[in-house]
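In what follows, a structure is listed as structure tokens, so that the remarks can point back to it.
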Amino acid sequence: LVPFDVAAGSPAGVETARLLAGHWGSRVELVNVDPGPPPAFHEGLDLWTLDALESLGRERRARLARTAAGLPRSATHVLAGSPASIIPRLTADAAADLVVMAPRRVRTTPRWLSGSLAESSVHVASVPVLTVRERPAAYWPRRILAPVKWTRLADRALRVARDWARSLGAELGLLHVFEDGAENDMQRRAVVEHALNVLGEPTPQVRWHWALGRPFEEIPRTAEAEGYDLVVVAERPRDGWREAVFGTTAERVLRASSVPVLSVPSRRAVRRPHVRRAA
């Protein structure tokens with residue numbers, strides 16, 4: 001599922017979905033949310049205004065169809081409402097197996113308070129959400145980075161990174177961030193053993209990275225410095241006021257990273273809903 005902005009276009013998300021769909025034989029569905037005219041338009045509408053709105057609607061659907069024409073097994077949907085409410089709802093309701101979108105900020109409130117539509121979607125998702133800022137290169141991704149942490153959700157994301165690396169023939173890198181400011185060989189050995197137990201057999205070949213500091217800073221820094229082109233992180237429910245204001249680690253990695261981020265949800269996928277089109 002690719003949320004498509006007719007006004008600005010969504011070349012990064014569309015091209016990324018095309019690459020993955022071509023590899024996996026997946027269906028690509030473009031969804032555009034039509035917020036409708038501003039409230040003032042409903043006062044004193046005349047026939048000219050109605051004709052103009054109908055013309056805009058036709059052009060919206062035509063551009064969506066032209067974009068979908070170059071995608072495998074594609075479909076398009078135009079939904080009426082607010083993007084800030086509909087896109088996170090589709091993500092939460094498992095409207096697809098994977099959502100691909102470009103981070104787009106909600107500009108009605110400050111960045112630190114509102115976040116973006118992508119961050120909101122990641123937080124409520126029941127399926128993985130892949131965020132991309134630029135068109136991917138051919139044969140993307142080639143190198144995948146996944147953090148290793150002692151949690152069930154992080155283990156789930158690590159398995160997803162393993163599966164993507166196997167399926168796409170990509171190199172897998174693992175990163176552990178020591179948050180307490182100290183590390184030793186015993187801790188490193190324990191982290192490696194835990195990761196190998198999670199990855200299972202056959203044991204994949206991995207490249208290890210170690211860092212001291214805060215995960216939401218070290219994960220994007222390591223990805224960019226070491227040349228990775230995909231980061232896989234675990235999203236979890238927000239815990240306390242600090243995460244409610246500033247976001248979870250996954251949200252903050254998404255916000256800071258220039259590298260595409262695949263967020264693996266803590267929620268389970270629910271039955272796929274019927275998609276209602278705008279009239």
Side-chain angles (χ1 to χ4, degrees), residues 20 88 91-92 94 96-101 103 115-132 141 143-168 170-180 190-200 204 206-211 213-224 226 228-240 242-244 246-270:
L20 294 176
T91 311
D97 303 305
L98 173 69
V99 177
V100 183
M101 61 191 307
S116 66
L117 290 179
E119 291 170 40
S120 301
S121 300
V122 162
H123 176 62
V124 300
S126 59
V127 296
V129 177
L130 174 62
T131 55
V132 292
R143 306 186 69 218
I144 299 174
L145 179 68
V148 177
K149 195 174 181 179
W150 304 91
T151 69
R152 177 180 56 84
L153 298 179
D155 291 348
R156 181 188 302 175
L158 181 56
R159 294 188 187 98
V160 170
R162 173 202 63 192
D163 294 344
W164 275 53
R166 285 176 178 172
S167 174
L168 300 170
E171 176 187 343
L172 179 61
L174 303 183
L175 166 67
H176 180 73
V177 180
F178 294 94
E179 300 180 60
D180 57 5
V191 171
V192 171
E193 182 179 356
H194 173 76
L196 294 180
N197 287 334
V198 173
L199 292 173
V206 301
R207 181 180 179 187
W208 277 96
H209 303 277
W210 310 93
R214 298 186 291 188
F216 61 84
E217 293 176 341
E218 295 304 321
I219 293 171
R221 184 195 64 78
T222 301
E224 294 167 14
E226 298 295 334
Y228 286 92
D229 52 10
L230 178 63
V231 175
V232 180
V233 295
E235 171 58 10
R236 57 178 175 77
R238 293 170 181 156
D239 181 18
R242 185 177 295 276
E243 290 188 349
F246 296 104
T248 61
T249 295
E251 291 174 288
R252 298 175 83 169
V253 168
L254 184 161
R255 191 181 306 156
S257 178
S258 62
V259 176
V261 177
L262 178 67
S263 301
V264 179
S266 59
R267 298 167 177 246
R268 291 184 177 179
V270 298

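- Proximity of Thr222 to Val177: side-chain heavy atoms (C-beta onward) are nowhere separated by under 4.5 Å.
- The distance from the CD atom of Glu224 to the OG atom of Ser257 is 5.5 Å, given to the nearest 0.5 Å.
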Donor-acceptor pairs under 3.5 angstrom involving side-chain atoms of residues 144-151: please list them, not counting sequence neighbours.
from   : atom 1 : to     : atom 2 : distance (Å)
Thr151 : OG1    : Ala154 : N      : 3.0

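- Residues meeting the salt bridge (charged side-chain N to carboxylate O under 4.0 Å, His left out) test with Glu217, sequence neighbours left out: Arg214.
- With rounding to the nearest 0.5 angstrom, the CG atom of Leu158 is 12.5 Å from the CG atom of Leu153.
- Without hydrogens or angle criteria, Arg162 side chain to Leu199 main chain gives a donor-acceptor distance under 3.5 Å.
- Summarising the geometry of Ala118 relative to Thr131, their closest heavy-atom pair is CB-CG2, 3.8 Å, with the distance given to 0.1 Å.
- Residues that satisfy the side-chain contact (heavy atoms from CB on, under 4.5 Å) test with Asp155, not counting sequence neighbours, are Arg159, His194, Val198.
- Separation of atoms CZ (Arg252) and CD1 (Ile219) is listed at 11.5 Å; rounding is to 0.5 Å.
- Residues forming a side-chain contact (heavy atoms from CB on, under 4.5 Å) with Arg207 (at least two apart in sequence, or on another chain): Arg143, Glu171, His209, Glu226, Tyr228.
- You'll find the side chain of Val192 reaches within 4.5 Å of the side chain of Trp208, heavy atoms only.
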Q: For Leu254 and Val129, run side-chain contact (heavy atoms from CB on, under 4.5 Å): C-alpha distance rounded to whole Å, both residues' side-chain angles, the deciding distance at 0.1 Å, then the answer.
A: CA-CA 11 Å; Leu254 184 161; Val129 177; 5.9 Å; no
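- Of all non-hydrogen atoms in Pro215 and Val253, the two that sit nearest each other are O-CG2, 4.4 Å.
- Judged as a side-chain contact (heavy atoms from CB on, under 4.5 Å), and not counting sequence neighbours, the contacts of Ser263 are Val122, Val233, Val261.
- In this structure, Val232 and Ala157 approach most closely via the heavy-atom pair CG1-O, 3.5 Å.
- Considering CZ of Phe216 and CD of Glu251, their distance stands at 12.5 Å, rounded to 0.5 Å.
- When the ring pair (Phe, Tyr, Trp, His ring centres under 6.0 Å) test is applied to Phe178, the partners found at least two apart in sequence or on another chain are His176, Trp210.
- For Pro128, the side-chain contact (heavy atoms from CB on, under 4.5 Å) partners at least two apart in sequence or on another chain are Leu98, Leu262, Pro265.
- A search for salt bridge (charged side-chain N to carboxylate O under 4.0 Å, His left out) contacts involving Arg166 returns nothing, not counting sequence neighbours.
- The line from CG of Leu20 to CG of Asp97 is 12.0 Å long, rounded to the nearest 0.5 Å.
- Nearest heavy-atom pair, Pro204 versus Gly200, reported as atom, atom and distance to 0.1 Å: CD-O, 4.1 Å.
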